[in-house]
Amino acid sequence: MAGLETTGSNPDVGLLYDINGLTATAPDWVDRVVTIAGEYGLILALVLLTVWTWWRVRRTDCREEAAGAVAAVVWAPLAAGIALLVNIPIRGFVGRPSPAEQHRGIEELVAVRGDFSFVSDHATLAMALAVGLFIAHRRAGLAGIALAVLLGFSRVYLGVHYPTDVIGGLALGTAVALLLSPLASALLTPLTKLIARSAKVGRLVWSPKGTRDEAGSVEEEREQEQGRERQEDGVRQESGAVGVSRRRDRDLAA
């Protein structure tokens with residue numbers, strides 16, 4: 001598809017040259033750091049941030065609140081996966097070659113796998129994950145969005161994407177995570193609430209800040225229920241014994 005210009009007069013291409021051109025003067029160690037971060041490092045940081053967010057949102061005294069927040073955390077990686085699937089037909093439809101195939105002087109610091117350039121998979125995945133985290137925990141989400149933007153910049157620096165490839169990926173990831181969030185919440189929250197009530201795996205969803213945990217709370221409620229049942233049995237037995245005694249007294253009086 002020829003809808004995306006590739007000429008040097010295009011601001012998109014000019015910005016590509018400006019950012020990728022930094023490799024000409026940057027020390028070798030900077031290129032290595034950006035390469036590692038752009039390929040794996042920042043994605044790994046987002047995964048670790050997701051795990052931390054899950055651990056953090058469980059720590060609340062309200063089980064319903066924890067269940068909703070954990071459902072949002074679960075949605076974050078699901079949103080990333082769905083966004084990548086949505087991107088497959090987009091890349092094929094646009095059919096934009098990588099920058100180095102269209103322009104001279106582009107320094108590719110990583111090997112291009114022969115796939116199309118628009119939209120960036122890395123930017124799409126990172127932003128969908130970050131926005132999903134933002135729904136669950138604002139500060140974690142803001143940190144994730146910053147990491148996603150850094151990842152997008154690194155992809156242009158590495159010479160494997162145009163700036164608009166990255167912008168398109170950030171927009172696609174955001175759209176998928178936000179637009180499908182209500183449906184995901186409606187499907188996932190009942191499941192997390194059910195898990196939160198479990199004495200065995202409830203702590204995966206809810207771990208109160210105090211000394212009492214969900215398992216202890218469930219066990220205590222169970223013991224209280226058993227105590228009430230024993231008390232009711234005792235009252236019934238005592239009532240039955242009193243009734244027998246009264247009938248015996250009436251029989252003797254007769």
Side-chain angles (χ1 to χ4, degrees), residues 40-94 118-155 161 163-198 201-209 214:
Y40 313 106
L42 291 171
I43 294 294
L44 177 60
L46 281 165
V47 171
L48 294 176
L49 182 62
T50 302
V51 174
W52 179 87
T53 306
W54 161 74
W55 185 265
R56 177 67 181 81
V57 298
R58 295 162 53 250
R59 306 290 293 174
T60 176
D61 293 330
C62 179
R63 182 167 58 190
E64 300 295 317
E65 178 183 342
V70 170
V73 174
V74 173
W75 165 238
L78 293 177
I82 293 174
L84 290 178
L85 292 176
V86 172
N87 190 29
I88 293 175
I90 294 176
R91 291 170 74 101
F93 177 73
V94 176
F118 186 91
V119 177
S120 168
D121 277 338
H122 281 72
T124 300
L125 183 150
M127 199 61 171
L129 195 57
V131 173
L133 293 180
F134 183 81
I135 297 172
H137 191 279
R138 295 294 184 265
R139 284 180 293 178
L142 290 174
I145 291 171
L147 291 174
V149 172
L150 285 176
L151 178 59
F153 178 86
S154 72
R155 302 303 290 175
H161 283 294
T164 49
D165 298 339
V166 169
I167 294 172
L170 298 178
L172 176 60
T174 300
V176 170
L178 288 181
L179 293 179
L180 297 182
S181 176
L183 176 61
S185 177
L187 295 175
L188 293 174
T189 302
L191 177 61
T192 55
K193 287 182 178 180
L194 182 63
I195 295 174
R197 296 188 182 96
S198 171
V201 295
R203 296 187 68 178
L204 292 174
V205 174
W206 184 46
S207 181
K209 294 180 181 179
E214 172 63 357

>> Once side-chain contact (heavy atoms from CB on, under 4.5 Å) is applied, do any residues pair with Trp55, and if so which ones, sequence neighbours excluded?
In response: Arg58
>> Could you work out, with side-chain contact (heavy atoms from CB on, under 4.5 Å) as the rule, every residue matching Val57, not counting sequence neighbours?
In response: Thr53, Ala69, Val70, Val73, His137
> How would you list, by chain and number, every residue that makes a side-chain contact (heavy atoms from CB on, under 4.5 Å) with Pro77, sequence neighbours excluded?
Replying inline: Leu129
Residues 143-153 side chain polar contacts: donor-acceptor under 3.5 Å, at least two apart:
none

> Thr192 and Ala67: which non-hydrogen atoms are nearest, and at how many Å?
Replying inline: OG1-O, 2.9 Å
>> For Ser154 versus Leu42, what's the shortest heavy-atom pair and its separation?
In response: OG-CD1, 4.5 Å
> Excluding sequence neighbours, so at least two apart, what forms side-chain contact (heavy atoms from CB on, under 4.5 Å) with Ala66?
Replying inline: Thr60, Trp206
> So do Val131 and Trp75 actually touch side chain to side chain, heavy atoms under 4.5 Å?
Replying inline: no
> How would you list all residue pairs meeting salt bridge (Lys or Arg N to Asp or Glu O under 4.0 Å) that involve residues 74-93, not counting sequence neighbours?
Replying inline: Arg91-Asp115, Arg91-Asp121
> Can you list the residues that meet the side-chain hydrogen bond (donor to acceptor under 3.5 Å, both in side chains) rule with Glu65, with sequence neighbours excluded?
Replying inline: none
>> Applying salt bridge (Lys or Arg N to Asp or Glu O under 4.0 Å) as the test, list every pair that has at least one member in residues 80-89; sequence neighbours left out.
In response: none
> So do the side chains of Arg197 and Arg63 get within less than 4.5 Å of each other, counting heavy atoms only?
Replying inline: yes
> If you look only at pairs with a residue in residues 124-134, which of them pass as a side-chain hydrogen bond (donor to acceptor under 3.5 Å, both in side chains), with sequence neighbours excluded?
Replying inline: none
Let me check something: any side-chain donor-acceptor pairs from residues 171-190 under 3.5 Å, sequence neighbours excluded? List them with distances.
residue	atom	partner	partner atom	Å
Thr174	OG1	Leu170	O	2.8
Ser185	OG	Thr189	OG1	3.3
Thr189	OG1	Ser185	O	2.8

